[in-house]
Amino acid sequence: MEGSLLSGLNSGVVVSLIAVLWTVVWQNLQHLQLQQFFGRHLSRHARRLAAMVDPYLSVTIAEYEGGRMRRSDAFEEVKAYLSAACSRGVRHLRAEGSKDADKLVLSMVGGEEVADEFQGATVWWWAYSKSPPRSDSASALWGGGGAAQEERRFYRLFFLERHRELVLDTYLPRVRRQGRAVMVKNRQRKLFTNISTHQWSDGGYMRSAWSHVVFEHPKTFATLAMDPARKKEITDDLDMFKNGKEYYARVGKAWKRGYLLYGPPGTGKSAMIAAMANYLDYDIYDIELTSVHSNTDLRKLFIETTSKSIIVIEDIDCSLDLTGARKKKTKAAAEDDKDKKDAAAATKAAGGGGGKKDTSSKVTLSGLLNFIDGLWSACGGERIIVFTTNHVDKLDPALIRRGRMDKHIEMSYCGFEAFKFLAKTYLDVDDHELFGGVGELLREVDMTPADVAENLTPKSLEDNPDSCLAALVKALEEAREKKASGGNDGDEPEEEDEEEQ
Ligand SMILES: Nc1ncnc2c1ncn2[C@@H]1O[C@H](COP(=O)(O)OP(=O)(O)OP(=O)(O)O)[C@@H](O)[C@H]1O
Ligand SMILES: [Mg+2]
């Protein structure tokens with residue numbers, strides 16, 4: 001009896017001890033957030049067990065294709081597709097901004113897993129990443145700096161062998177399609193530049209050659225003052241390009257088009273690029289050529305651009321000494337140097353953004369020609385390349401021949417049609433007694449649309465269309481007097497450009 005009482009007591013103690021222990025362990029498990037960990041591992045193990053009967057297959061999708069050259073479209077599409085599923089079952093998420101200011105686009109961080117159902121089949125997506133190689137030589141290859149050594153990311157899809165056809169032929173194409181749709185919905189247009197803190201070292205690979213901000217330029221064709229007929233010609237050309245996938249394939253041309261915008265400073269070349277990007281809904285890649293160290297780096301930059309984009313090189317005449325570079329090659333080095341200095345001085349004097357010149361850049365004319373229409377230029381497709389210049393006559397003819405720069409657009413001084421457009425936009429007037437006078441003056445003197453727009457802009461609350469138009473007439477008359485008293489056409493752009501700088 002005593003024994004059984006003791007043993008009863010003992011078992012009571014043991015039970016309560018176990019209960020206490022369990023509570024402590026469980027609380028700790030909770031504390032360490034290991035429940036889910038075990039839960040997930042159990043399900044993973046259960047899957048492995050099941051795989052002995054019906055084996056699992058997997059498909060791995062890497063962030064970069066072709067070594068580390070190009071970001072994989074499939075990876076981005078899977079990421080976008082999984083963003084909806086992620087918000088349900090995944091614990092650790094990565095968030096990025098989206099078009100909707102209040103919303104975030106979510107994706108799984110490495111190590112997370114999410115299940116998906118499709119036509120009665122369950123598949124699992126697992127995100128994981130690999131660290132870059134640690135050795136010194138590898139580190140040099142990856143760009144040297146710590147920030148450059150980012151992880152390689154992957155998605156791996158697991159599915160049962162009996163679902164092989166369903167997954168490979170139907171599910172994965174659907175994932176890509178839906179992913180693309182999500183990307184379009186969340187897409188923010190971007191303005192990229194190649195001036196980043198991570199400069200390429202020779203032969204080094206960086207995660208991305210481009211840095212970007214969200215592109216928010218308000219200029220559209222609706223607010224770009226231009227002869228309406230010419231404007232229509234340009235928008236038609238852009239429409240043809242955008243919808244020309246089949247045409248380009250049929251005639252065997254890479255799906256790209258080059259535009260050369262030329263004209264004096266302040267005539268709306270940069271504004272036109274913004275309007276083009278807004279019209280086509282494309283990203284802009286603004287290449288600062290003086291920061292590109294070699295032709296190879298230029299090619300890498302190009303490969304990293306995505307389709308549906310406008311690649312811009314502004315002030316091509318003064319970015320590099322490309323003009324006549326081929327002719328100079330044979331001359332003595334000293335003479336060459338002198339020429340370059342002269343050219344730099346001349347560029348500065350002409351107000352073409354002088355001072356930008358960076359002799360460390362080794363991009364050559366042939367490198368640039370290759371960039372525009374070499375074999376590499378065809379990869380990706382649907383790209384517009386825009387060059388701008390103030391001095392079209394300074395450019396090497398090879399650079400701007402049709403086929404490379406397919407369409408040459410001259411941006412010129414403000415004409416009467418452009419003025420009427422600006423008056424409507426800035427002052428909301430269709431006609432006015434001063435219009436006739438302005439028209440005559442514009443025929444006599446050259447004034448840029450930028451200056452006309454500035455004169456038409458109300459400067460105080462008292463200003464009205466009458467006073468603004470009168471101010472414009474006064475400015476035009478002053479310009480005419482200046483011209484008559486010995487100034488020449490060339491003076492004006494120089495002065496404006498100095499002001500701009
Ligand atoms: N045709 C135009 N219609 C409306 N605004 C214009 C036009 N041209 C210029 N502007 C305005 O004038 C300013 C200067 O124009 P922009 O920067 O496009 O000139 P640009 O030709 O690129 O000059 P630069 O050769 O110096 O780079 C901008 O604010 C732009 O909005
Ligand atoms: Mg410009």
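Note that the coordinates shown come from a computational prediction; the quantities given were computed from them, not determined experimentally. Start at 1 and go down the list; that is how both ligands and their atoms are numbered. Only this structure's heavy atoms are used, side chains among them; waters, hydrogens and symmetry mates stay out.
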K231 NZ/CZ over F421 ring centroid, <6.0 Å and within 45° of normal: yes

Considering only heavy atoms of P449, which atoms of ligand 1 have at least one such atom less than 4.0 Å away? 1 (N), 2 (C), 7 (C), 8 (N)

Atom indices of ligand 1, in the order listed, that fall short of 4.0 Å to a heavy atom of K269: 18 (O), 19 (O), 20 (P), 21 (O), 22 (O), 23 (O), 24 (P), 25 (O)

Which one of G268, P218, P265 has a non-hydrogen atom at the shortest distance from atom 9 (C) of ligand 1? G268

Heavy-atom nearest option to atom 14 (C) of ligand 1, drawn from S270, A450, S412: A450

Quickly, which of Y285, F387, F302 forms a ring pair (Phe, Tyr, Trp, His ring centres under 6.0 Å) with F371? Name it, please. F302

Counting N and O atoms only, with roles assigned by atom type, does the side chain of [X] sit under 3.5 Å from a partner on the main chain of [Y], one being a donor and the other an acceptor?
| X | Y | result |
| --- | --- | --- |
| K242 | L280 | yes |
| N390 | G263 | yes |
| N278 | P218 | no |

For ligand 1 and [X], I'd like to know whether there is a polar contact (N/O to N/O, distance under 3.5 Å).
| X | result |
| --- | --- |
| A225 | yes |
| G263 | no |
| E314 | no |
| A271 | yes |
| Y426 | no |

Decide if the gap between the ring center of F419 and the ring center of F435 is smaller than 6.0 angstrom. yes

Would you find more than 12 non-hydrogen atoms of other residues, nucleotides or ligands less than 6.0 Å from K232 atom NZ? no

Take a 6.0 Å sphere around NZ of K474 and say whether it holds more than 12 heavy atoms from other residues, nucleotides or ligands. no

Min heavy-atom dist T223 to ligand 1 below 4.0 Å: yes

Can a non-hydrogen atom of A418 be found less than 4.0 Å from any atom of ligand 1? no

Would you say L238 and F221 make side-chain contact, with heavy atoms under 4.5 Å? yes

Have a look around the Mg ion (ligand 2) and list protein N/O/S atoms under 2.8 Å, or say none. S270 OG

Is it true that the side chains of [X] and [Y] contain a donor and an acceptor less than 3.5 Å apart?
| X | Y | value |
| --- | --- | --- |
| S270 | E314 | yes |
| E382 | Y282 | yes |
| N194 | S291 | no |

Please work out whether any backbone atom (N, CA, C, O) or any side-chain heavy atom from C-beta onward of M226 is under 4.0 Å from ligand 1, and answer side chain, backbone, both or neither. neither

Region of N390 engaging ligand 1 - heavy atom pairs below 4.0 Å: side chain

